[in-house]
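Each remark here refers to the structure printed beneath this line.
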Amino acid sequence: MEHHFETLAIRTQAASSDFREHAVPLYVTSSFTFENAEQARALFADEMPGYIYTRFSNPNHSELIEKLCLLEGTEDGIATASGMSAMFTSMAALLRAGDHIVASRSVFGSTHQILTQILPRWGITYTYADLDRPESFQAALQPQTKMIFVETPSNPALDLIDLEWLGKLAAQHNIILNVDNCFATPYLQNPAKYGAHLVTHSATKFIDGQGRVIGGAILGKKDLIKEIRFFARHTGPALSPFNAWVLSKSLETLSVRMERHCNNALELAQKLATHAEVLWVKYPFLPTHPQYELAKKQMRLGGGIVTFELQGGIARAQKFIDALRMLSLTSNLGDTRTIVTHPATTTHSKLKEEERAAVGITPGLIRISVGLEHISDIWSDIQQAIQRSAEHNQ
Ligand SMILES: *Cc1c(COP(=O)(O)O)cnc(C)c1O
């Protein structure tokens with residue numbers, strides 16, 4: 001019987017031990033014992049399934065990955081120590097000198113460093129394309145292009161790309177499509193449905209959702225995951241069993257949390273849109289978003305991130321942030337607590353001014369990761385900070 005998302009997220013569990021515990025145990029062990037010499041030989045020869053060593057696999061990893069595969073509609077996967085180890089491993093395991101990646105210009109800061117500073121050391125080159133100009137992806141393809149890597153929606157520009165179109169482009173040219181689905185989570189969008197071969201996650205964000213652990217995952221086609229598993233087994237980006245346990249538990253509440261994140265975010269975006277001091281507001285499910293129709297087509301809801309700009313540019317943005325009383329100033333996102341970030345001076349400060357402009361980060365852009373507090377309390381804090389930052393302006 002086909003279960004729904006909510007049920008799969010809750011009822012997919014590792015088998016209980018002889019103690020018949022209801023919650024899954026935490027397997028804090030570096031290795032697993034062999035019954036005898038023959039079993040040890042067979043396990044190492046891949047002649048039988050089973051656990052050997054936690055760098056290779058662990059029951060807490062298996063539960064997390066089984067659940068994520070059911071939620072994303074993928075065949076197999078591995079759990080990684082961070083989102084970045086997922087991004088890096090998914091590229092390094094499959095690419096070699098001479099290969100080329102086409103990536104969305106708008107990617108997470110450390111992904112940008114991997115593409116521009118790290119992979120080129122080993123002869124793997126890249127070309128950036130623009131999410132809001134899909135034809136630029138087609139134009140960037142080379143005979144050596146082996147992977148297309150995108151984030152949709154992007155951080156913090158909230159630009160999208162049509163995954164169905166991109167899936168067809170990748171299939172037509174026999175290129176691996178790798179989608180960082182961190183912003184949407186498997187609840188809002190399933191890139192594998194549109195032909196993505198790999199779906200990568202920072203589980204640190206909405207999947208944990210409570211600002212506690214760092215983790216990641218690579219999900220996708222069996223044959224690709226087999227190669228990635230070989231690479232990971234010998235290079236060691238393994239997730240700690242404790243973090244795997246936390247993340248598997250977190251998935252049980254992903255759907256209810258995402259509903260609240262998205263409802264709060266939409267309401268906040270609507271309120272900001274009518275405020276006289278707000279120059280613009282961007283949110284995928286706001287009809288003024290240039291890709292509103294596409295967002296409605298490929299996402300269940302608009303996500304938990306809203307961006308906007310106040311009159312007065314960068315100085316006003318900083319005054320606004322200093323005037324907040326409740327919202328958190330921290331560099332994470334996807335937490336129960338609403339978080340406010342000024343990307344131009346923090347998360348994206350390493351980019352040059354024109355690079356920021358090219359990915360839609362104006363000096364005054366403010367990013368809000370909308371949390372699960374009552375929307376009236378979130379709005380009160382933002383409203384008073386807008387007002388007090390205007391007073392300071394005079
Ligand atoms: C945070 C983030 C990452 C990196 O994840 P870590 O868990 O911090 O290593 C990658 N991609 C996106 C879109 C992110 O937001």
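Whatever order the structure lists them in is the order used to number ligands and atoms, beginning at 1.
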I need the single residue from E309, E277, Q311 that forms a side-chain hydrogen bond (donor to acceptor under 3.5 Å, both in side chains) with R316. Which is it?
E277
Nearest to [atom], what protein heavy atom do you find, and at what distance?
atom	result
atom 6 (P) of ligand 1	G83 N, 3.4 Å
atom 15 (O) of ligand 1	K205 NZ, 2.7 Å
atom 12 (C) of ligand 1	D180 OD2, 3.4 Å
atom 9 (O) of ligand 1	M84 N, 2.9 Å
atom 5 (O) of ligand 1	S202 OG, 2.9 Å

Any N or O on N155 sitting closer than 3.5 Å to an N or O of ligand 1?
no
Quick check: does T204 get an N/O under 3.5 Å from an N/O on ligand 1?
yes
Numbering the atoms of ligand 1 from 1, which are under 4.0 Å from a heavy atom of E151?
13 (C)
Under 4.0 Å from a heavy atom of S82: give me the atoms of ligand 1 that qualify, with their elements.
7 (O), 9 (O)
Is R325 paired with D381 through a side-chain N to carboxylate O contact shorter than 4.0 Å?
no
Looking at T116, V102, I101, which one forms a side-chain contact (heavy atoms from CB on, under 4.5 Å) with Y128?
T116
Partner of T152 under side-chain contact (heavy atoms from CB on, under 4.5 Å), picked from L294, I161, L166, N181, is I161
Could you tell me if the side chain of I225 sits less than 4.5 Å from the side chain of E75, heavy atoms only?
no
If you look at every heavy atom in P237 and S85, which pair is closest and at what distance?
CB-CB, 3.9 Å
Ring centroid separation for F285 and H289, is it under 6.0 angstrom?
no
